[in-house]
Structure formats: C-alpha cells, structure tokens
Undergrad: 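Quick one: structure below, then a few questions.
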Amino acid sequence: MSAITIILVLIVAFFAGMEGILDEFEFHQPIIACALIGLVTGHPVEGLLLGGQLQLIALGWMNVGAAVAPDAALASVAAAILVTMKGSDVDTAVALAMPLAVAGLVLTIFVRSITVGLAHGADNQAKKGSFRGVEAYHLTALMLQGLRIVIPAALVIAIPAETVQGVLNAIPEVIKFGLQAGGGMIVAVGYAMVINMMATPALWPWFFIGFAMSAVSEISLIGMGIIGVCLALVYLQLSPKFNGGGGNSGGNAGGAGGDPLDDILNDYE
Amino acid sequence: MADEQIQLTKKDRLHVWWRSQFLQASWNYERMQNVGWAYSMIPALKKLYKTEDDRAAALKRHLEFFNTHPYLASPVLGVEMSLEEKRANGAAIDDKAIQGVKIGMMGPLAGVGDPIFWGTMRPVIGAFAASLALKSSWLGPIFFFVVWNVMRMAFLWYTQELGYRQGENITQDLSGGFMQKLTTGASILGMFIMGVLVPRWTTMKFPMITSTIANDKKSLVDFSAINGTGAHKAEDWRNVIDQIRNGSNVDVNKVTTLQATFDQLIYGLMPLLLTLVCVWLLRKKVSPIIIIFALFGLGILGYWSGVLGA
C-alpha cells in the first residue's frame, strides 16, 4: 500500500464528501466512489461489485425536505477501503456499510450546524461588499464537507489489515450469514423510500404492472425501461387530465378531448 | 440612462450556471442554501453593480433564506438575473420583490424536482448502471456518470436561460402544464421500474424444508444397468436419460422448501410483501435507518432459526 495509493483514495474520499452535500456530479454514489477506489487501489473488479451492490441499496437514499436519509458517501468510501485495502469480502462490507452510513449522516448534520456560523461570517463580508469574502466562506464550508469523509477514511486506512481481518474472523458464523441474509433484504428499504415519495393511488397500478411483468418474464432492464417510457407516454396521451382543451372549446360531452378528428369537427361548428 | 444600459452577456450567464452547481456547499440549518445562492449570483452582481454600497446591498438581499431542489434553483436564478438587470438599469424593483419571487417559486419547484430527479432518473439510471457493474463491466459507472451529468448540466443551463428570457411568468409554465406532465410521466416510469426491481434484486432465500415425501418406488429411475464399476454401454446411458426425460423421479424423496411454496404463488412474492411493509413503516414515520437495522436483526434471527438462507 504505497503513499500514492493512499493519497489517491483520500482524494476520491474528498470528492465523495463534497458531493454528499452538493448532489450534482454524484461522486458520492456508490457505483462511482467504490469503482474509483477499486481503480486506484488495483482491485477494480471488487470495487465494481461492491459499488453495484451498494448502489442498489442506496437507490432511494435522498434528502427530501427534513427527512433523514443515510449517507451514501461515507458508506461507499469506507466499505470500499475495507474491501480493497483490508481484505474484507464484499458481503461483509455491505453489512458494515450501514452503520457507516449512519455515522456519515451524523457527521453531515454536525457540519451543517457549523455552517450556520460560516453563513454569519458571509453576512459580515457582505456588509463590506466583499464578493471574495462571501466566496471564501462558501468554499470553506465545502472543504469541511469534504474533510467529513476524508478524516474517517484516513482512520479506516490507518487500522492495520490484520486487525480488520482479526475482527472479521471473530464474527460468529450465525451473525455473518445472518447479516448477509439481511443485506439481501435491505434493498427493499431503498425501493420503499422511492415509492413512499411518489406513490399516489393513481400511480400504484404501475408498480404492480412492473412487478408482475418482471416476475413472470425474462425481459432485460433495458427492455423494461422502454416499456415503462412507452406506458408513460401512452398514459399522458390518453389521460383526460392533460387533454382538457377540446372539451372546453366545443361543449362536447368530452371523453375524447385530444382526438384530432374532434378538433376538426369543432372547427366547423 | 440610455447610454449606460448594462446587459448580462452569455459569458456572465455561463459563469452563474457553473457556480449554481455548488449551490448546496454551505447548506446550513438556518437559511439553508442562502450563501450558495449569493455565491451563484456573484458573477451577475459583479457585472451589474460597481460601487461598494451597491454591492453590499445586493449581497445582503441575496443572502436571505432560500431552499429548493438544487437543480430547480436554476430557473429561479435566471429570473432573478433578469430582475437584477432591470433594477441595475433603473427599474423600480425593490428588495421585497426580489425576495418575493424567490420564495414564491421555490416551493412549487421543489415539488417538481424531487420525483423527477431523486424518484425516477437517479434510481432508474442507477439500477441499470448497477446491473452492468455487477457483471464487472466498467460501462456501469461510466454510463451512470456521463448520462447523469450531461442530462443535469443541460437541464441547469436551459432552465436558467428560460428563466432569464421569460422572467417571473415562467412559474406558471413550470408548476403547471408541461412540468406537471413531465412529473406525472416520470412518476409512472419510476413506479413501474420499482415494481420491476422488487422481484429481481431483493434476495430472500427460504431454504427451510416444509415437507419430505417419499416418491413412489415405481416412478423412480432404474439405475441398475449403470450401477457398479467398469465401463457401461452407451445403450444403458441412453436408457437412463430417456427415463429421466419421460419424467421418472431421480430422487428417492420429494423435498419441498418454503421457497418453492412461495414461488409457486408468484415469483418474488416475499420481496413484494417486504417492500410493502417497508412503505407502510415509512408512512408511519419510522426512520429508514431503523428499518435497515431491524432487517439485519431479522436476517440474523432468520438464519439462526433456519428460515432464511444467506
């Protein structure tokens, strides 16, 4: 494990930390962060596999309003370090990633609170009309969010691999395989978070159509994506909610408001 | 006044666009995206206001509370740039109007951004990319990064330009009509894909044996011809394979696992129930973190008792 490797991993951690708050370039998403750490440590395949698994789990982890979501940044970075540098296996790392996600969440709450002070610093700079000053406070806050992941990552790197192995080997079989069984199920929490945000009575049928089609067929995800887009387009074309125009102008009884023939007939009236 | 009309150039607007990607850097519990908002507006304010007093006043009014979906701040930035431009050129637009437009737009826009970006685009692109990564393909992360960022950056730029050109009246366009159509369409796709994912990637194994029934002796394959050591004739092998093809039982006992029983109803039944329970718990305001740890607990308990397999 060379110094350059460690520096590169910490740079990835820094980007993941910044994106954890920005939510723009998405470096904190497991599929990116784990793959990058796998790449710089020379374990690309492990990184990809871990990234793929964690990505599925973290699909629905989002910051909406005041809702509390686990932190994908620390979960992916620390789990990737455990797999690529400390010899943990992917399944165990997935289980370990969950407490790390909570730790990351606590840390981001901490930094967001400190940032209140920085915002007041920016106010003072604004009074002086100093653009530079406001920018400096803004970017300082961003650095703090980056360090939020870099410091824990450095701590994980500092733990000797033998210690990690020792702890992992000391985990009883029942716990280890039990965590694996649990790891297979927690994907559902991510799905549920997405569903919970979007679901209305009108949308539930689409969920069950998707489920039934997936359960009884072998259609690939791309195929399903195409079907999903088409279903959405057809719905928008047929739904009376989005086709009110014809009904208002013509005084027709109104089921087929978007019918071009109807519009032509209305024009003749 | 006519000789000194200040115009924001495309270059200024591009600077604002680039900076808007750092909107949330100093997200804080007091005024949320306020500093990030001011940070994004600075290239425009710098161009429009030259004296220290003007700049201080401009910064002050852009450090007020603001919070919306980070990508949907762009149309608001566009509108505010056009307002500031008019104000700098002498129009009577007071601080209240500037703050009022921001507050008025941010609520409805956040409601549009969440289902489209966090509810549909990221899970759908992420799930597809993850399926590639799980096959050890680098296309997974590359696809995710490129598609996501091209889409996002284009969205930020075009909605910002739309806001700049059309001014405040775009709120109606964005919260009604087209955007509502987009939100509905995206939500349909999102819900459909969530349904697709449930049976495919939720792993729940139930290896527990629910029944072991001895098969009828007569229905068993007759292995006697190929039993024992030494070479066997191809003819005998063919005979055994034919028996299997014709549906004779290979095993002495017929074993049924819990898994087989569930799959007989519909494949993915238990993952479906699990997902619905999770939705119900979330509706009851149970934190997702608690649910995750409860599932780990359930996994350990289930494995220990033999109901669940790893």
Side-chain angles (χ1 to χ4, degrees), chain A residues 21-24 26 31-32 35 45 48 51-52 55-56 59 62 64 70 98 102 112-113 115-116 119 122 126-127 129 131 134 138 141-142 174-175 177-182 184-189 191-198 203 206-207 210-211 214-215 221 224 228 232 235-236 242, chain B residues 21 24-26 28-30 35 38-39 42 52 55-56 59-60 63 114-115 118-119 123 126 128-131 133-134 136 141 144 148 181 185 187-196 198-199 201-203 266-268 274-275 278-279 282 288-289 291-292 295-296 299-300 303-304 308 310:
Chain A
I21 186 78
L22 293 177
D23 237 335
E24 301 269 350
E26 305 290 291
I31 193 157
I32 306 281
V45 175
L48 281 174
Q55 187 68 38
L56 289 176
L59 278 186
M62 54 186 135
V64 174
M98 297 308 120
V102 178
R112 286 172 190 213
S113 306
T115 308
V116 174
K127 276 182 200 140
F131 290 139
V134 173
H138 184 64
L142 187 59
V174 172
I175 304 281
F177 289 113
L179 287 176
Q180 258 180 48
M185 295 193 286
I186 55 175
V187 179
V189 181
Y191 301 154
M193 287 174 77
V194 176
I195 295 165
N196 183 40
M197 189 191 77
M198 295 199 293
L203 286 173
W206 302 105
F207 171 78
F211 172 77
S214 174
L221 209 50
M224 286 294 191
Y235 177 83
L236 292 179
F242 299 110
Chain B
Q21 303 183 90
Q24 305 213 85
S26 55
N28 61 83
Y29 281 112
E30 192 187 59
V35 186
Y39 176 83
I42 280 175
E52 199 188 300
R55 289 186 166 186
L59 278 175
K60 188 170 174 289
L63 279 168
D114 291 333
W118 301 157
F128 178 62
S131 74
L134 289 174
S136 309
F144 181 85
W148 179 264
K181 231 171 162 173
S187 305
I188 289 173
L189 177 63
M191 287 294 275
F192 177 79
I193 293 292
M194 283 307 120
V196 169
V198 164
W201 277 329
T202 324
T203 324
I266 186 166
Y267 181 72
L274 177 69
T275 308
C278 288
V279 173
L282 289 172
I289 292 162
I291 304 177
I292 288 175
L295 285 179
F296 275 122
I300 294 171
Y303 185 79
W304 173 76
L308 283 170

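Residue numbers begin at 1 in each chain, while the letters A, B, ... track the order of the sequences. Here the structure is a predicted model, which means the values were calculated and not measured. When reading the values below, keep in mind they use all heavy atoms of this one structure, side chains included, and skip hydrogens, waters and symmetry mates.
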Undergrad: With side chains defined as the heavy atoms from C-beta onward, is the minimum distance between B:Gln21 and A:Leu22 less than 4.5 Å?
TA: no
Undergrad: Under 4.5 Å, counting heavy-atom pairs only, tell me which of B:Pro115, B:Ser131, B:Ala129 racks up the most with chain A.
TA: B:Pro115
Undergrad: Please rank B:Leu308, B:Ile42, B:Ile193, B:Leu189 by heavy-atom pairs under 4.5 Å with chain A and give me the top one.
TA: B:Ile42
Undergrad: Need one label for A:Val189: side chain, backbone, both or neither, based on atoms under 4.5 Å from any heavy atom in chain B.
TA: both
Undergrad: Identify the heavy atoms of A:Ala126 and B:Leu63 that sit nearest to each other, and give their distance.
TA: CB-CD1, 3.5 Å
Undergrad: From A:Gln180 CD over to B:Thr203 OG1, what is the distance, rounded to the nearest 0.5 angstrom?
TA: 10.0 Å
Undergrad: If you measure from OH on B:Tyr39 to NE2 on A:His138, what distance do you get to the nearest 0.5 Å?
TA: 5.5 Å
Undergrad: Can you tell me which of A:Val187, A:Val134, A:Asp23, A:Leu142 forms the most heavy-atom pairs within a distance under 4.5 Å of chain B?
TA: A:Asp23
Undergrad: Checking B:Leu295 against chain A: side chain, backbone, both or neither under 4.5 Å from a heavy atom?
TA: both
Undergrad: Are B:Leu134 and A:Leu56 packed together at the side-chain level, in the sense that at least one heavy-atom pair is separated by less than 4.5 angstrom?
TA: yes
Undergrad: Considering only heavy atoms and a distance below 4.5 Å, find which of B:Gly190, B:Ala25, B:Gly268, B:Ala56 pairs most often with chain A.
TA: B:Ala25
Undergrad: Would you mind telling me which of B:Glu52, B:Lys60, B:Gln24 has the largest number of heavy-atom pairs within less than 4.5 Å of chain A?
TA: B:Gln24
Undergrad: Among the options A:Gly184, A:Ala181, A:Ala119, pick out the one with the most heavy-atom pairs lying under 4.5 Å from chain B.
TA: A:Gly184
Undergrad: In terms of heavy-atom pairs under 4.5 Å with chain B, which of A:Phe211, A:Tyr235, A:Phe177, A:Trp206 leads?
TA: A:Phe211
Undergrad: Minimum heavy-atom separation for A:Met224 to B:Phe192, with atom names?
TA: O-CE2, 3.2 Å
Undergrad: Return the minimal non-hydrogen interatomic distance between A:Val116 and B:Tyr29, and the atom names on each side.
TA: CG2-N, 3.7 Å
Undergrad: State, to 0.1 Å, how close B:Leu274 and A:Ala188 come at their nearest heavy-atom pair, and which atoms those are.
TA: CD2-CB, 3.6 Å
Undergrad: I need the B:Met194 CE to A:Phe207 CZ distance, nearest 0.5 Å.
TA: 9.0 Å
Undergrad: Among A:Ala232, A:Gly178, A:Ala215, which residue has the highest count of heavy-atom pairs closer than 4.5 Å to chain B?
TA: A:Gly178
Undergrad: Taking all non-hydrogen atoms of both residues into account, name the closest pair between A:Glu26 and B:Phe144 and its distance.
TA: CB-CE2, 3.9 Å
Undergrad: How long is the straight-line distance from CG of A:Leu236 back to CD1 of B:Ile188, given to the nearest 0.5 Å?
TA: 5.5 Å
Undergrad: How close do B:Phe296 and A:Ile186 get, heavy atom to heavy atom, and via which atoms?
TA: CZ-CD1, 3.7 Å
Undergrad: How many angstroms lie between CE in B:Met191 and CE in A:Met197, if you round to the nearest 0.5 Å?
TA: 10.5 Å
Undergrad: Out of B:Phe128, B:Tyr267, B:Trp201, return the one with the most heavy atom pairs under 4.5 angstrom to chain A.
TA: B:Trp201
Undergrad: Tell me, for A:Val194 versus chain B, whether the close heavy atoms (under 4.5 Å) come from the side chain, the backbone, both or neither.
TA: side chain
Undergrad: Does any heavy atom of chain A fall under 4.5 Å from the side chain of B:Trp148, the backbone, both, or neither of them?
TA: side chain
Undergrad: Is A:Met98 in contact with chain B via its backbone, its side chain, both, or neither, using a 4.5 Å heavy-atom distance?
TA: both
Undergrad: Taking every heavy-atom pair that is under 4.5 Å apart, which of A:Gly182, A:Ala141, A:Ser214 has the most such pairs with chain B?
TA: A:Ser214
